[in-house]
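Structure first, commentary second.
Residue numbers start from 1 in every chain, and the chains themselves are labelled A, B, ... in the order their sequence lines are given, proteins ahead of strands.
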Amino acid sequence: MNNKQISSLLNQLADLMELKGENPFKANAYRRAARAVENSRKPLDELEKGPEELPGVGKGTAQAIREIMETGRLETLDRLLKELPAGLPGLMSIPGLGPKSIHLLYHKLGITDIGNLEEALKQGRVRGLPGFGEKKEKNILEGIRRMKERPRRYLLIHVLPVAETLKERLAKHPDVERVEAAGSLRRMTETVKDIDLVVATEKPSSVAESIVSMPEVTEVINHGETKVSVMIHRGFDIQVDVRLVPPDRFITALHHFTGSKEHNVRIRQRAKERGWRVSEYGIHDPERGEVFTFSGEEEMYRKLDLPFIAPEMREDRGEMDKKPDELPRLLKTGDYRGDLHMHTRWSDGTASVRDMALAARERGYEYIAITDHSHSLKVASGLTPDDLKRQREEIDAVNEELDGITVLAGTEMDILPDGSLDFPDEVLEELDLVIASVHSGFRQDGKTLTRRILNALENPHVHILAHPTGRLINRRDPYEVDLDRIFEAARKTKTILELNSNPNRLDLKDLHLKRAKEEYGLHFSINTDAHSPEMLDFIRLGIATARRGWLEADDVINTFSLDRLRKRLDEIKQHK
DNA sequence: GCCGTTTTCGGCCCGACTGTTTTCAGTCG
């Protein structure tokens, strides 16, 4: 049982307890414990004093965690699963329905799933219940329709341009003083559910009016004085929530709607210790009858004796408990000097070596590495050793021709299903950079896959392990690899782990990066794996993910000067 | 169920919005 699986069982238990109508604080205690387990830097069986070490885990939840670790099951959970109909938790995802309503529907009308809920609604049986009227009935039906129609979360890359267009358009509105994206979009989480915008304006109704009359709007969900929610269609459907606030409340509102919810809870608790209350309208001091507002978020954090915490770190993953000088100085876009993983027409890319070099130079890079696939990857027309030699000649010519950019000759070499590498050492030693990765046989069991990767890490010529878990967001689960063994091996061999910036991958992900850095002190390489010049822009997602993983410039070899980079690559070879 | 040098009991983040009420409960973010 890994941490993720343990936390998922605890969350499931919390949901069912709430549905059953148990003390919501108790359910919440299990949720907090689940979060603590998920965010734990170490696997649970490596904690010295057991689960109680984690914040929010006490006697009761620790007992539950132990039971899961020992037996793989949780008896209270099994009992509730037997007691409550299997479809009941699914009702929680209907907008407008919460645990209290579902509890009531189940007990009074015997509603057990979406099917018979719809039936009961259409027969008018629901509206008789206490607290349920005609409108609520309509809203629930509407909620069911909306839930069935739309996917849960969208990839960040698809939503970013839509949000930016909306933002630019609103910024031009004469009554808008300021507009910013908030929510998970501002925190740059890998997927987002909706678009949150915060607008500073003295004339909310005028702005609200122009929002609901935008051409993309397919549905107005909410049209109030301070909040407008619409569904828009731009290639796909997505909900947009716009908060309209007076200009002096803009910062506290932006902070509030940026979240995360968990971070905000910690902020409010901290304010409470000082006798204050925090809301989207400001920090309220009831004793002196004052409301503090701010001109920047830095100022707001300072008021609470906190250093500025970047949006990407606001997840209650320890950022609130660090002393100011212990917080990382997060990697910035300007720190990035070169992309070390990309493809050309030699394998499955669309551009030439020269095109990629020019595109990189335009972006201000000092160097790149061309890393086409190796010959076993037939679907991507991988290169033979002979192709590599001829490609090297082309790279030399480009280096000769172009000033201001250096092109390194590399490979993305397959780690074959039997654990061997696709090129012999005498081919590898001719290259400036060797990336190893798994592209086949990822349904092998965890042990075999882990062994394959460990074997690649042992090879003195392998500098970087690419997309270590192989996951595709919303499409393919990560390989069943033992990441801690891989991290340990990377530490011993000084091998660098990749953060692949492809929007479908983002692999390693934020939590893995944080753990690999804090527990193993590893170095990383953030690359786009671009197959065309435009794809170099995926780096934005990679840098955002690195920031979410608390990485600093010095943790990332792409921030090194070319000299330092070469030394670091050399060191790997010498060390192994 | 968790937590605490102002607390080992009595709290547990805050406000808007909606729909159902005639003073409030449930849901949401």
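- If you take CG of A:D241 and P of B:dA16, they are 16 Å apart, rounded to a whole angstrom.
- The existence of a salt bridge linking A:R35 and A:E38 is excluded, since no basic side-chain nitrogen approaches an acidic carboxylate oxygen closer than 4.0 Å.
- A glycosidic torsion no more than 90° from 0 defines the syn conformation, and B:dT7 adopts it.
- Using atom P as the reference point in both B:dT23 and B:dC17, the two lie 23 Å apart (nearest Å).
- Closest to the side chain of A:K272, from the set B:dG1, B:dG26, B:dC12, is B:dC12.
- Using a 4.0 Å heavy-atom cutoff across all strands shown, A:N222 reaches sugar-phosphate atoms only and no base atom.
- Of the listed nucleotides (B:dA16, B:dC14, B:dG1), B:dG1 has the atom at the smallest distance from the side chain of A:Y30.
- The side chain of A:K59 lies closest to B:dC2, out of B:dG15, B:dG29, B:dC2.
- Among the nucleotides B:dT20, B:dC2, B:dC14, the one closest to any side-chain atom of A:R32 is B:dC2.
- Out of B:dG29, B:dC17, B:dG19, the shortest distance to the side chain of A:K261 is found at B:dG29.
- When the C1' atom of B:dA16 is taken as reference, atom NE2 of A:H223 falls 16 Å away, rounded to whole Å.
- Taking atom CG of A:N28 as the reference point, atom P of B:dC2 lies 12 Å away to the nearest angstrom.
- Position along DNA chain B of the nearest nucleotide to A:G60 versus A:P130 favours A:G60 as the more 5'-ward residue.
- Within 4.0 Å of A:F257, counting heavy atoms only, lies no atom of the nucleic acid at all.
- For A:F25 and B:dC2, the ring-to-base geometry does not satisfy the stacking test (centroid distance below 5.5 Å, interplanar angle below 30°).
- With P as the reference atom, B:dG26 and B:dT22 are 16 Å apart, rounded to whole Å.
- When each of B:dT20, B:dG1, B:dT27 is scored by its nearest atom to the side-chain atoms of A:N23, the top-ranked nucleotide is B:dG1.
- A:D510 and A:T545 share no side-chain donor-acceptor pair at under 3.5 Å.
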Just list the side-chain donor-acceptor pairs under 3.5 Å for residues 13-24 of chain A, sequence neighbours left out, or say none.
unit_1	atom_1	unit_2	atom_2	d
A:D15	OD1	A:R31	NH2	2.8
A:E18	OE1	A:R31	NH2	3.0
A:K20	NZ	A:E83	OE2	3.4
A:E22	OE1	A:K26	NZ	3.1
A:N23	OD1	A:F25	N	2.9

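- Comparing the C1' positions of B:dT20 and B:dA25 gives an interatomic distance of 9 Å, to the nearest angstrom.
- Atom name P, nucleotides B:dG1 and B:dT5: the rounded distance is 23 Å, in whole Å.
- For A:E280 and B:dC17, the CD to C1' distance is 12 Å, given to the nearest whole Å.
- A 3.5 Å limit on both hydrogen-bonding distances identifies no Watson-Crick or G-U partner for B:dT8.
- Remark: C1' of B:dA16 and CZ of A:R277 are 14 Å apart, rounded to the nearest angstrom.
- Closest approach to the A:Y281 side chain among B:dT18, B:dG1, B:dG15 is made by B:dG15 (side chain taken as heavy atoms from C-beta onward).
- The nearest whole Å value for the distance from the NE2 atom in A:H255 to the C1' atom in B:dC14 is 13 Å.
- The side chain of A:K26 lies closest to B:dG1 when the candidates are B:dG29, B:dT27, B:dG1.
- Comparing B:dT18, B:dC2, B:dA16 by their nearest atom to the side chain of A:N139 picks out B:dT18.
- Nucleotides B:dA16 and B:dG10 are separated by 28 Å at their C1' atoms, to the nearest Å.
- Atom CD of A:Q269 is separated from atom P of B:dC2 by 16 Å (rounded to the nearest Å).
- No contact: A:I102 has no heavy atom under 4.0 Å from any strand.
- Side-chain N or O atoms of A:D507 include one that pairs as donor or acceptor with a backbone N or O of A:T469 at under 3.5 Å.
- Partner of A:L10 under the side chain to side chain contact (heavy atoms under 4.5 Å, CB included) criterion, out of A:V57, A:T61, A:I65, A:L77: A:I65 alone.
- Toward the 5′ end of DNA chain B lies the nearest nucleotide of A:G56, the other residue of the pair A:G56 and A:E134 mapping further downstream.
- Using a 4.0 Å heavy-atom distance criterion, A:L97 is classed as a sugar-phosphate-only contact.
- Side chain of A:T61, nearest nucleotide from B:dG1, B:dG26, B:dG15: B:dG1.
- Neither OP1 nor OP2 of B:dG19 sits under 4.0 Å from any side-chain N or O of A:K136.
- The two atoms that bring A:W550 and A:M313 nearest to each other are CE2-CE, 3.4 Å, heavy atoms only.
- For the pair A:K303 and A:F292, the cation sits on the ring face: its NZ or CZ lies under 6.0 Å from the ring centre, inside 45° of the axis.
- Look at CZ on A:R35: it is 20 Å from P on B:dC12, rounded to the nearest Å.
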